[in-house]
Amino acid sequence: MGVAAGAVLLVAGCGGSDGGSGKGAAAGGGPSVGESLAAVPSGGADSRSGAAGRLAVANDPNLGPIVTDSTGFTLYRFATDGPDPVKSACEGECAVKWPAVPAEGAVLPEGLDAGLLGSVTRADGSKQLALGGVPLYRYADDAKPGQVSGDGVGGVWFAGLPEDQVPGLGKALGVTGGSEGGADAGASSEPGATGRPGGGGVAAGLSVVQDPELGEIVQDAKGRTLYRFTKDTDWPMTTACTGECLEKWKPAAVVGKNDVKGIDPKLVIPFDRPDGTRQQTLDCWPLYWFTGDKPGEINGQGVGGTWFAVTPDGSLNKK
């Protein structure tokens, strides 16, 4: 696990009502991948170092919509890349492990704005494919189409692309509610709602559900249980989950204050992680979902004595 690191966000209202420290640490491991990722259009790119061909949007049951090349290999982003101007920070040995996707020959899938397709000029003068200004890479250790083993590596490599930079991924996937791992339109998200077994998802970014074992806990828009790590702190807001820890525990996506149900919007605060990405907090406690869960499951509860589901006020649920 990486060393604890944090970033301070100047906001008020963090309760700091509990914290605690547990024994043990989160174990490493790769995210699980559903067979649905294998059913991606083929043809176009010759190898993991060739042109991307026609891009596709695939659905990972844990990560949601991700972008693949025409042979189904996952395309990644590097959190260390410079945003202004957009440039790649992956050179030398890094580029061997994470080969840049050539810009030439790439075609967007239906549903994405043609204006999102672009390129960045690398140090050697070659053109790298960019989507919404995000340079794209393949991962050398992905052995076959559909794998996302590069997601979370070093806490700086991610398969998911930022929705605010690459809008329309859900539309391109054809997600209108009810797809695997996705949000089900119209599902109940009021406090006391049942239906935890089997998941199902909710429309709100954060909502409260009644778990048969734990009682009221918080879940994300995909119906995944959200957890806290007892080694984190609420003020200043810090995360102790970096490096290998992120292979199993994924930071919760940031939601708007008006995108919650059963939760006080004043407790919904974004957090800037050390790698520059943003994470959702509740009452200033960073939130995570567990790759070992399917929607509606609580397999992460009590792992290592340090991971626990979250109550609507941001407290630990240690039942």
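None of these values were measured; they are calculated from a predicted model.
W249 and V254 are not part of a single hydrophobic cluster, where members link through side-chain heavy atoms under 4.5 Å apart. Linking Ile, Leu, Val, Met, Phe, Trp and Tyr whenever their side-chain heavy atoms come within less than 4.5 Å leaves L117 and V120 in two separate clusters. Connection of F229 to I298 is established within a shared hydrophobic cluster, with ILVMFWY side chains joined at heavy-atom distances below 4.5 Å, either directly or through further cluster members. Residues F158 and F271 are members of separate hydrophobic clusters, defined by side-chain heavy-atom contacts under 4.5 angstrom among Ile, Leu, Val, Met, Phe, Trp and Tyr. Hydrophobic clustering, with ILVMFWY side chains joined whenever heavy atoms are under 4.5 angstrom apart, keeps V86 apart from L136.
Within the 3.5 Å criterion, the main-chain N or O of G292 finds a donor-acceptor partner in the side chain of N299. Within the 3.5 Å criterion, the main-chain N or O of A309 finds no donor-acceptor partner in the side chain of N317. Under a 3.5 Å cut-off, the side chain of Q280 and the backbone N or O of V255 do form a donor-acceptor pair. Here the side chain of Y227 pairs a donor or acceptor atom with the backbone of G300 at under 3.5 angstrom. D220 places no side-chain N or O within donor-acceptor distance of the main-chain N or O of W289, the cut-off being under 3.5 Å. Judged by distance alone, with hydrogens and angles left aside, the side-chain atoms of D232 form a donor-acceptor pair with the main-chain N or O of A240 at under 3.5 Å. Side-chain N or O atoms of R273 include none that pairs as donor or acceptor with a backbone N or O of T239 at under 3.5 Å. With hydrogens and angles disregarded, a donor-acceptor distance shorter than 3.5 Å links the side chain of S70 to the backbone of A52. In this structure, D275 contributes its side chain and T80 its backbone to no donor-acceptor pair below 3.5 Å. Side-chain N or O atoms of R54 include one that pairs as donor or acceptor with a backbone N or O of L108 at under 3.5 Å.
Going from atom CG of D211 over to atom CD of E297 covers 10.5 Å, rounded to the nearest 0.5 Å. The CZ atom of R224 sits 14.0 Å away from the NZ atom of K294 when rounded to the nearest 0.5 Å. If you take CZ on R228 and NZ on K318, they are separated by 8.5 Å, rounding to the nearest 0.5 Å. How far CD of Q219 is from CG of L287: 12.5 Å, rounded to the nearest 0.5 Å. Atoms OG1 and CD1, on T225 and I217 in that order, are 4.0 Å from each other to the nearest 0.5 Å. Atom OG1 of T121 and atom NZ of K127 lie 2.5 Å apart (nearest 0.5 Å).
Here the closest non-hydrogen pair linking G215 and Q210 is CA-NE2, 3.4 Å. For the residue pair A140 and P99, the shortest heavy atom distance occurs at N-CD, 4.3 Å. Between D142 and T74, the shortest heavy-atom distance links the atoms OD2-CB, 4.1 Å. Across every non-hydrogen atom of A95 and C90, the tightest pair is N-SG, 3.4 Å. Nearest heavy atoms, L55 versus P109: O-CB, 3.4 Å.
Contact annotation: the side chain of Y139 never approaches that of V148 to less than 4.5 Å [non-hydrogen atoms, C-beta and beyond]. Contact check for E247 versus T291: no side-chain heavy atoms found under the 4.5 Å cut-off. A heavy-atom distance below 4.5 Å is not found between the side chains of K87 and D81. Contact check for K250 versus D151: side-chain heavy atoms found under the 4.5 Å cut-off. Put simply, the side chain of I263 reaches to within 4.5 Å of the side chain of L282, judged on heavy atoms. Using a 4.5 Å heavy-atom cutoff, the side chains of D283 and D234 are not in contact.
Ring planes of F78 and Y137: perpendicular class, angle over 60° (limits at 30 and 60°). Aromatic ring orientation, Y288 versus W307: perpendicular (interplanar angle above 60°, classes split at 30° and 60°). Ring pair W98/W157 is parallel by interplanar angle, where below 30° counts as parallel and above 60° as perpendicular.
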### Task
Report the C-alpha distance between D259 and L206 in whole Å, list the side-chain angles of each, state the deciding distance to 0.1 Å, and finish with yes or no for side chain to side chain contact (heavy atoms under 4.5 Å, CB included).
CA-CA 7 Å; D259 191 20; L206 294 180; over 6 Å; no
### Task
Show your working on side chain to side chain contact (heavy atoms under 4.5 Å, CB included) between Q301 and F308 and close with a plain yes or no.
CA-CA 5 Å; Q301 179 71 358; F308 297 94; 3.7 Å; yes
### Task
Kindly indicate, with the supporting measurements, whether the criterion side chain to side chain contact (heavy atoms under 4.5 Å, CB included) is fulfilled by D69 and V101.
CA-CA 9 Å; D69 65 18; V101 180; over 6 Å; no
### Query
Could you go step by step and tell me if D272 and M237 meet the side chain to side chain contact (heavy atoms under 4.5 Å, CB included) rule?
CA-CA 9 Å; D272 293 322; M237 285 188 279; over 6 Å; no
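For E104, the CD atom counts as loosely surrounded, since its 6.0 Å shell holds 12 or fewer non-hydrogen atoms of other residues, nucleotides or ligands.
In this structure, a donor-acceptor pair under 3.5 Å is present between the side chains of T233 and T238.
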